[in-house]
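See below for the structure under consideration.
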Amino acid sequence: QVQLAESGGGSVQPGGSLRLSCAAARHTYSVYWMGWFRQASGKEREGVAAIASDGRTSYADSVKGRFTISQDNAKSTLYLQMNSLKAEDTAMYYCAMERRWRLTPMQALRATWYDYWGQGTQVTVSS
């Protein structure tokens, strides 16, 4: 059973930056997608960015050019570098992992495909 734990959330002013981390324990899969999702109050969970085991990435249009997803396989850690943050980026951010499906980059931004989820880390962007 894969266990995911996010960290790095916090409060930041508009235009600021944060880096989220997700440590994956008991992760032994060689083919997978890992993703970052977010859920704002009163809204549905949405895909933000995803990265495959082979390095392919996928981003939501709303974060392209501002967010960067990466992974450190040696540390079994997923990252999300968030720059130029906006108030509308405020949400609970979750990392997730799937290892059953051969997803396309577009599919990888859909939460329904993912098997394992972390508890989330709150990001608040406010002046």
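S53 places a side-chain N or O within 3.5 Å of a backbone atom of S30 that can act as its donor or acceptor partner. With hydrogens and angles disregarded, no donor-acceptor distance shorter than 3.5 Å links the side chain of Q119 to the backbone of A5. Put simply, the side chain of T121 never gets that close to the backbone of S7: no donor and acceptor are under 3.5 Å apart.
Between the CD atom of E98 and the OH atom of Y116 there is a distance of 10.5 Å, given to the nearest 0.5 Å. The structure places CE of M92 at 16.0 Å from CZ of F37, a figure rounded to the nearest 0.5 Å. Once rounded to the nearest 0.5 Å, the distance linking OG of S76 with CE of M97 reads 8.5 Å. Taking CD of Q122 as the reference point, atom CD of Q39 lies at 11.0 Å (rounded to 0.5 Å). Between the CH2 atom of W36 and the OH atom of Y79 there is a distance of 10.5 Å, given to the nearest 0.5 Å. Atom CZ of R100 is separated from atom OH of Y29 by 10.0 Å, given to the nearest 0.5 angstrom.
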Check: residues 81-88 side-chain donor-acceptor pairs under 3.5 Å, at least two apart:
residue	atom	partner	partner atom	Å
Q81	NE2	N83	OD1	2.9
N83	OD1	S17	OG	2.9

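The shortest heavy-atom contact between A50 and A108 is CB-O, 3.7 Å. Between S70 and I51, the shortest heavy-atom distance links the atoms CA-CD1, 4.1 Å. In terms of heavy-atom proximity, S127 sits nearest to P14 at N-CD, 3.7 Å. Contact between V48 and L80 at its shortest, heavy atoms only, is CG1-CD2, 4.3 Å. Taking both residues in full, the closest heavy atoms of E6 and G120 are given as OE1-N, 2.9 Å, listed atom of the first, atom of the second, then distance.
Transitive grouping of hydrophobic side chains (ILVMFWY, heavy atoms separated by less than 4.5 Å) brings V63 and L78 into a common cluster. With hydrophobic clusters built from ILVMFWY side chains whose heavy atoms lie under 4.5 angstrom apart, W113 does not share a cluster with M34. Hydrophobic cluster membership differs between I69 and Y114, with clusters built from Ile, Leu, Val, Met, Phe, Trp and Tyr side chains linked at under 4.5 angstrom. Note: the hydrophobic cluster containing V12 also contains L20 (ILVMFWY, side chain heavy atoms under 4.5 Å, direct or indirect links). Hydrophobic clustering of Ile, Leu, Val, Met, Phe, Trp and Tyr side chains at less than 4.5 Å, counting indirect connections, unites W117 with W33.
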Starting from the C-alpha separation in whole Å, work towards a yes-or-no answer on side chain to side chain contact (heavy atoms under 4.5 Å, CB included) for R99 and D115.
-> CA-CA 8 Å; R99 77 291 183 273; D115 304 299; 3.8 Å; yes
Please report the C-alpha distance between Y59 and L109 in whole Å, then the side-chain angles of each, then the deciding distance to 0.1 Å, and finally whether the side chain to side chain contact (heavy atoms under 4.5 Å, CB included) criterion is met.
-> CA-CA 8 Å; Y59 292 93; L109 292 179; 5.8 Å; no
Trace of the side chain to side chain contact (heavy atoms under 4.5 Å, CB included) decision for L4 with Y94 | CA-CA 9 Å; L4 303 174; Y94 300 89; over 6 Å; no
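Residue R110 places its CZ atom among 12 or fewer non-hydrogen atoms of other residues, nucleotides or ligands, all under 6.0 Å distant.
Remark: Y93 engages R38 in a side-chain hydrogen bond (donor to acceptor under 3.5 Å, both in side chains) (not counting sequence neighbours).
Grouped with V31 in a hydrophobic cluster is no other residue, since no side-chain heavy-atom contact under 4.5 Å to another Ile, Leu, Val, Met, Phe, Trp or Tyr is found.
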